[in-house]
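Every chain is numbered from 1, with letters handed out A, B, ... down the list of sequences.
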Amino acid sequence: MKYNINNKGYYGDFGGAYIPEMLYPNVEELRQNYLKIMAEPSFKEEFDQLLKDYVGRPSPLYLAKRLSAKYNTKIYLKREDLNHTGAHKINNTIGQILVAQRLGKKRIIAETGAGQHGVATATVCALMGMECIVYMGEIDIARQAPNVARMKMLGAKVVPALSGSRTLKDATNEAIRDWINNPVNTHYIIGSVVGPHPYPDMVARFQSVVSEEIQWQLKEKEGKTTPDYIVACVGGGSNAAGAFYHYLENTDVKLIAVEAAGKGIHSGESAATSVLGKEGIIHGSKTLLMQTDDGQITEPYSISAGLDYPGVGPMHAHLYKTGRAEFISITDNEAMTAGLELSQLEGVIPAIETAHSLAIFDHKKFKEDDIVVINLSGRGDKDLQNYIDYFDL
Amino acid sequence: MKYNINNKGYYGDFGGAYIPEMLYPNVEELRQNYLKIMAEPSFKEEFDQLLKDYVGRPSPLYLAKRLSAKYNTKIYLKREDLNHTGAHKINNTIGQILVAQRLGKKRIIAETGAGQHGVATATVCALMGMECIVYMGEIDIARQAPNVARMKMLGAKVVPALSGSRTLKDATNEAIRDWINNPVNTHYIIGSVVGPHPYPDMVARFQSVVSEEIQWQLKEKEGKTTPDYIVACVGGGSNAAGAFYHYLENTDVKLIAVEAAGKGIHSGESAATSVLGKEGIIHGSKTLLMQTDDGQITEPYSISAGLDYPGVGPMHAHLYKTGRAEFISITDNEAMTAGLELSQLEGVIPAIETAHSLAIFDHKKFKEDDIVVINLSGRGDKDLQNYIDYFDL
Amino acid sequence: MTNMNRINKKLQEDKKLLSIYFSAGYPNLNDTVSILENLEENGVDMIEIGLPFSDPLADGPTIQASSTQALKNGMTTEVLFNQLKDIRKTVSIPLIIMGYFNPMLQYGVEAFCKRCQDIGIDGLIIPDLPVNVYNEQYKATFEKYGLINVFLITPQTSIERINFIDSISNGFIYMVSSASVTGGNSGFGSEQTNYFNRIAHMTLKNPQIVGFGILDNETFSQATQYAKGAIIGSAFIKHLSKNGTKKIKAFVDNILNS
Amino acid sequence: MTNMNRINKKLQEDKKLLSIYFSAGYPNLNDTVSILENLEENGVDMIEIGLPFSDPLADGPTIQASSTQALKNGMTTEVLFNQLKDIRKTVSIPLIIMGYFNPMLQYGVEAFCKRCQDIGIDGLIIPDLPVNVYNEQYKATFEKYGLINVFLITPQTSIERINFIDSISNGFIYMVSSASVTGGNSGFGSEQTNYFNRIAHMTLKNPQIVGFGILDNETFSQATQYAKGAIIGSAFIKHLSKNGTKKIKAFVDNILNS
Ligand SMILES: Cc1ncc(COP(=O)(O)O)c(C=O)c1O
Ligand SMILES: Cc1ncc(COP(=O)(O)O)c(C=O)c1O
């Protein structure tokens, strides 16, 4: 295992648990128990059953014929958009709610950017009858209104984060503060492969169902378990972690991580962490993050709330530093255009986050017989107003 | 076959093709070809493949534990909400677009109420690169705005129907007019089991995948292929037709069709066709419909755009007249309350149409060991604003 | 020959026939009779009286709107029959009721036909009553009450079907100028005249009368080069909506001699 | 004993210690030094100088807001060190820099420690530098530059862990009154006093100073019944935001003798 996590909770130089003492008991409890719990047969059974009957897994691996024809290569879409609640996020929240139950927690908190993780958390809380509080940046509340409405319908309380850039980073700060204030009965369901160890590993494991399925689905369709490329967008990096997971150590499979360049990498309004970031600590984890020379975390920008984050998970920092994954930065405009293109070529409206992954074809040429799997991390229902306004439809 | 269609295109007294001569060539072409086309191996293969890889079928059959506990019976939800585009409607549009292609059509028209059928049609048109025009009542355009946005993203043209009650009935009139005006290159994808023969049968066959799956899914879960009850809401009746299809002739399985009582069956603002309707002709089919003594079609009302229709498909008229299905009418308020309840008990936000089916528990008591399958025909993303406003969330 | 239907008699006249459609009860509920009288007076050969319907799916916007208005004005099947009960005292040209099937069905098809006969209605045009249903279920009733049922054909109707329709018709064939809802066109192109010509050369037993798209002297002349007559609908409704029941003479004159 | 750290010396004094936290550069960029001088003058025993951070996730709204303002005012690590470079000419009580780890990491941990030593800083409190990471990677450096690293304990910290923290501490233990971000409470209940009592009875090698929730004479007295001293943060920031650097004497007097 060269690219996956080591037994100290690090991916190479990245990871760890840089947390205030107030969080130590919670995080330590989780660290000591998560692998044990996940290995219990009753856990596995319940998790698998819910993924199948409730989430609707396996998600299809769909050969996008018209998109493939346009870019003269063989493009498969891994349809996480078809999951219950419309994105990959629920794979993780199902897992974590079952962990939280087994740890005896009664109250759930979460941060959310695009709102998909908030919805996925509110959903599993409704399913299990648990209290749910979701922190969400004020800006994101405005630009992802449909997901705010969904959370409310599901009985969750949505609390605006008013500090900083009022986006995902700040919502995460607020969630952490809540956890510090409620150390005993509360579990914090982090929505990506970020945060202190063991979160990045735990979330990656719950999301790894994505690449597990890709393996046998490709086998069925192509006679082999490996594609030439796997492409996924990276906010914190959970959908990418899931799509890469079972291929991490197989370097025949090239990994492409797609970041948000916002209005341009060097425009000052960007979230392209791999290009602009330096090593440091954010939300309890040592990783790459965008920061001033002085170590203050930069306010990021992306049109997509889910990629509007100044860091990446430690796995991705490691994949970047080691060159295991290629990182491509996509501007707002490229993403929006690719989102519209997929809608009209394949009848699938992607989340704006996901649309970044679909925009790589102008940056990267593939061979005609390359098999390129794009992780279609979520659907665009939450983004309709943005698309409509952007294109004046 | 006592409850399914006969070889003249009638369900008992209902059905047929009461169409102007201008539509005769199109409808006749379809009638002569639909069964042949559907029997072609290449059709079946493409249809099944798309249902699996594109739509995401099979849709799960999910045991709703908390809902079951509340109503002290065993409730399974057939998760059509997890289909691509979020409702059962796409089962039919995938089928019809493949038929249209084989008939050499280049241009697709559709009517839509809730917008789900419009979205499902726009989706398959994008997928196949065909022109798409969707007629939608002006009132429905306002109350189902998210679906209008989706259709636009998918490249469809949405044309408002301005006559009559400016809802589904009128959109259907406009679509028929379009078809009369464009008799050669156009296929009309009707969205429910309504319209002239062969539409009701063709749509029911495409939707019958729902009960086909319920059979083997129940076998897996309960050791037998039959539930005690199947419940589905009825606008035109396509999701009900699909859920009932393979059980029509097995009277051990009780069928419950749920209609919209609007503000109350006798309030004058209702769409409870079975109670209020008389035999007559609407949209080319002899069936039950709400009308004046004089034979003018009544303007219906329901909070749900998809049930706001003054008729039912001829299959349902027959099921009603023969007593094969029990019909229950649910008011706006009962439906909305049931929709909120499902959201908060199971983490599934249903379409308001679907919410009607979930509201029957105050009207009908089930035994503890009854197996009740509710067809969860669609998700409520399109209805969020209505729910939020209604409950002031 | 006294029992010969007025339609058949009219069709034997050696002239091109002008037939006019209007929605009963439009612009005002009680305009029906005076419009009928006016039309006959001014030389119209035959009239289609539209029985308004809430969902006239084979009609274009103009006729739709007039139907809606007529219903708002209070028009019903019963009201129309009452308005027409003495019509044969003043009007002698063929009168046809044109309407959708559902209101007739609710009235009772036999009762409807009987009432038509009592009044002196000569025929019916029911766009959404298909040929085979008519043939199997209603033909006997229509004939019992001396009513001619008029069928439509369109450019898409196959030769076999035209022949079949001709075989069961006993008045005229309503030749839809283009497969298009009413009121949508202006002037005929070669596609349509080719179609008129093709039908003319089939030498059918029933004469044809062209409908849809006739709006002025030019289109009337064009159509009647090939057919026995032509029907004006939307153009006349538009005239009514602008002028009420006045200036009907001018409208008809304008069609017949421009 | 000349080499003894000021913190240790202070802890040996036979009195309850009042320690004050404030964010450097707040309310105005250049208030830092005068606030320090003022506090010492008015009888404060020890000061935590907050190095502002963009994302102070262990702090409540008051301290967050002061951090944000300080950053807007232009505060940086370098600016702070420059402001403090002559501080030992005027201030002699123990000074502790309290800040998050990322800015220190970017400065370079060793460079940061050296600079602290040069200035005369006595210790550091770094909430998000965990005990084990400190122990394995940074302890040697801190010690090299004579800096005391202060660890936190909370009501949830296990006995084993408290003992371990005690074993690697060489100044005092920062006893968080409740597992709660700063500024959230008012007055201590029995839960908290039980906790203070429990820790007091562990007879740790390092004295404890209570932080979080100290805001007036009452809470100061309560906390120092069980502990060596107490730290005031949010309450002082609120005072600064209302009064600027004036009336610091009143604030301190109010805590010490009510
Ligand atoms: C659809 C979708 N894709 C991607 C992301 C980014 O998150 P991650 O990088 O953890 O997959 C989000 C975040 O909300 C999302 O909603
Ligand atoms: C989710 C959903 N359920 C039900 C219906 C009603 O249609 P049908 O009766 O044909 O199933 C609609 C119509 O749009 C719908 O969107």
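The heavy-atom pair separating B/S343 from A/A126 by the smallest distance is O-CB, 3.4 Å. Considering all non-hydrogen atoms of both residues, B/G56 and A/P60 come closest at CA-CG, 3.6 Å. Counting all heavy atoms, side chain and backbone alike, A/E346 lies closest to B/Y54 at O-OH, 2.5 Å.
The choice from A/P146, A/G129, A/G380, A/A64 that makes the most heavy-atom pairs within less than 4.5 Å of chain B is A/G129. Per-residue counts of heavy-atom pairs under 4.5 Å with chain B were compared for A/T123, A/L127, A/L63, A/L345; the largest is that of A/L127. Counting heavy-atom pairs closer than 4.5 Å to chain B, the top-ranked of the candidates A/A145, A/S59, A/G155 is A/G155.
Neither the backbone nor the side chain of A/Q385 comes within less than 4.5 Å of any heavy atom of chain B. Of the atoms belonging to A/R379, it is side-chain heavy atoms, and not backbone ones, that fall under 4.5 Å from chain B. Heavy-atom distances place both the backbone and the side chain of A/R150 under 4.5 Å from chain B. Heavy atoms of A/L154 lying under 4.5 Å from chain B belong to its backbone as well as its side chain. Contacts between A/L393 and chain B at a heavy-atom distance below 4.5 Å involve backbone atoms as well as side-chain atoms. With a 4.5 Å cut-off on non-hydrogen atoms, A/N83 touches chain B through its backbone but not through its side chain. Using a 4.5 Å cut-off between heavy atoms, A/V348 contacts chain B through both its backbone and its side chain.
For A/E220, the CD atom counts as densely surrounded, since its 6.0 Å shell holds more than 12 non-hydrogen atoms of other residues, nucleotides or ligands. The local environment of NZ in B/K152 is sparse, with at most 12 non-hydrogen atoms from other residues, nucleotides or ligands closer than 6.0 Å.
Counting heavy atoms from C-beta on, the side chains of B/R79 and A/D53 never come closer than 4.5 Å.
With rounding to the nearest 0.5 Å, the separation of CZ in B/R57 from CG in A/L82 is 11.5 Å. Taking CE from B/M153 and CG from A/L340, the interatomic distance works out to 5.0 Å, rounded to the nearest 0.5 Å. The CD atom of B/Q49 sits 10.0 Å away from atom OH of A/Y62, with the distance rounded to the nearest 0.5 Å.
Ion pairing between A/K65 and B/E46 fails under the 4.0 Å rule for side-chain N and carboxylate O.
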Please lay out, stage by stage, how A/H84 and B/D81 fare under the test side-chain contact (heavy atoms from CB on, under 4.5 Å). CA-CA 8 Å; A/H84 182 46; B/D81 64 310; 4.2 Å; yes
